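Step one of this worksheet: look at the structure below.
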Number of protein chains: 2
Amino acid sequence: MPGISADAVILGYDGKDIKALLLKAKEVDYWMLPGGFIEKEFDLNTAVHRIVKARTGLEQLYLQQFQFFGKADRNAHQKEHLKSLHQLSLKARTWISQRFITAGYFALVKIDDVLPKADLFSDRCEWIPVDQLPPLIIDHHEILQTALLYLRRQLNYLPIGLNLMPEKFTMPQLQNLYEGIMKQKLDRGNFQRKILKLDILIRHEKLKSGGAHKAPYLYQFDVEKYNEKVKDGIGFV
Amino acid sequence: MPGISADAVILGYDGKDIKALLLKAKEVDYWMLPGGFIEKEFDLNTAVHRIVKARTGLEQLYLQQFQFFGKADRNAHQKEHLKSLHQLSLKARTWISQRFITAGYFALVKIDDVLPKADLFSDRCEWIPVDQLPPLIIDHHEILQTALLYLRRQLNYLPIGLNLMPEKFTMPQLQNLYEGIMKQKLDRGNFQRKILKLDILIRHEKLKSGGAHKAPYLYQFDVEKYNEKVKDGIGFV
DNA sequence: AGAATAGTGTCTCTTAGACATTATTAC
DNA sequence: GTAATAATGTCTAAGAGACACTATTCT
């Protein structure tokens, strides 16, 4: 009985790295994306919300479909990962190979709000930096990379800052997030100028202390203005 | 038995309007997108190629998945279109309501290469300008509009010119295409300057004649250079 | 000649990008 | 003070956008 499954690329940002929430499969040295089958009586988005909630504990979250992955591709990848499949138990193997087609979703979450929980087929659930990925089962690596590509291309139309940053944050933190997604360094001065010009930030007079250097200002998003800008594309290369 | 279906938004451009290939449903005054069920032994992309080939006769085409539409949304729309459903034969109604989930694909084709063919549930298959759409069944209007939105947002990463324009074309024709997709008028001079600077066009010395005015040059894409630019985003607003 | 439309040139204002300068903090 | 990092300012070159002018074609 073939079915429709969904896999969620749950992304978070800790002020330094962009991380994905991954599950360590039991019995083998492979990791996987949180996912599951879509039951027929549920609609797709509802089902994925349910799946993500089970791993993160989050009720409200920014969730977006980005691509479906069909059978042919999946089989090609299964060949490459044949070894990993053979090592799995019959139950787990059946669970995986039953996947006829899978929906790729990504979620943007505030990393500190999440309480990672493993599922039946995994023994750990952890945040892992997306540029230091361990081996993933079947086509999960491709799904994750596709999600990141989509994120990069849709950058102007996605509320990444709002959903990934903590309530209050510094300008260098925000810049680091953009650099991580765009995979390139940006000029500090120009970044600051461009972002401030958008007029979507509220500056707090309190400074953050900690290092042996000038303390940065704390900022917060003006949610209304932010959402307004995102609709027509938040002008940022 | 619920199943997965696919609907194709097939887009063409006749030098004046952006058009979609639509089917006129039998028995009722509604039109619909070409589509069909995905058989389990096929993979998704192959199946959609087959569907599009059946309506257009085209073997090779630019095809891209853009979104899936789940059950809840679809039911909401069915409510709105209840009248249209009641007027359908049992067979057609069953065919439509069996759709559990549908894959939205769009295809970019050279309009003159297409030989439209109706299917079993339709009596006509025609090109219709996307800004003059007739009533469409279920959520097909939404699917079509979503495709156009996607097209607009991904403009820089899609080879629209290459796939929608005829082999040889004029600059005003190309500008008109961009204006149609972006839904806004562009300055002639600036458009020309920007496009020529991309260095992806080959100019032919032969001019096109016809009207009581200066004849425009004919251009052709330098396919290799074009594809190179599209990969990193063809710099155009 | 005149109407219509294509092609090219020019001007200004904004912006991007590189980089320099100043400010703040802990040691 | 020095080291480290944040914030702000400045300069230049490139680009966007508005618009004017020239070119070509048919009636």
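Every chain is numbered from 1, with letters handed out A, B, ... down the list of sequences. Quick caveat, the model's predicted, so the values are computed rather than measured.
Listed by chain and residue number, nothing satisfies the side-chain hydrogen bond (donor to acceptor under 3.5 Å, both in side chains) test with A:E224 (two or more places apart in sequence, or in another chain). A:D232 pairs by the side-chain hydrogen bond (donor to acceptor under 3.5 Å, both in side chains) definition with nothing, not counting sequence neighbours.
Remark: P of D:dT8 and NZ of A:K194 are 18 Å apart, rounded to the nearest angstrom. For the pair A:Q184 CD and C:dA16 C1', the interatomic distance rounds to 13 Å; values are reported in whole Å. Between the OH atom of B:Y178 and the P atom of D:dA16 there is a distance of 14 Å, rounded to whole Å. A straight line from CD of B:E179 to C1' of D:dG17 spans 14 Å, rounded to a whole angstrom. Atom CD in B:Q173 sits about 11 Å away from atom P in C:dG7, given to the nearest Å. What separates NE2 of B:H204 from P of C:dA6 is a distance of 18 Å, to the nearest Å. The distance from atom CD1 of B:I195 to atom P of C:dA6 is 15 Å, rounded to the nearest whole Å. If you measure from atom NZ of B:K185 to atom P of D:dA16, you get 20 Å, rounded to the nearest angstrom.
Between A:Q192 and the phosphate of D:dT8, there is a side-chain N or O to OP1/OP2 separation shorter than 4.0 Å.
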Check: Just by protein heavy atoms under 4.0 Å, how would nucleotides 18-27 of chain D read 5' to 3' in B, S and -?
Finding: BB---BBBB-
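Taking each heavy atom of A:K117 and A:L23 in turn, the nearest pair found is O-CD2, 4.1 Å.
Residue pairs meeting the salt bridge (Lys or Arg N to Asp or Glu O under 4.0 Å) criterion with at least one member in residues 171-184 of chain B, sequence neighbours excluded: B:E179-B:K185. Counting only residues at least two apart or in different chains, salt bridge (Lys or Arg N to Asp or Glu O under 4.0 Å) contacts with residues 12-23 of chain B comprise B:D14-B:K19.
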Quiz: residues 195-205 of chain A side-chain donor-acceptor pairs under 3.5 angstrom, not counting sequence neighbours:
from	atom 1	to	atom 2	distance (Å)
A:D199	OD2	A:K225	NZ	3.3
A:R203	NE	A:Y219	OH	3.2
A:R203	NH2	A:Y219	OH	2.9
A:H204	NE2	A:Q220	OE1	2.6

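Annotation: of the two residues near DNA chain D, B:K197 and A:Y217, the 5′-most nearest-nucleotide partner is A:Y217.
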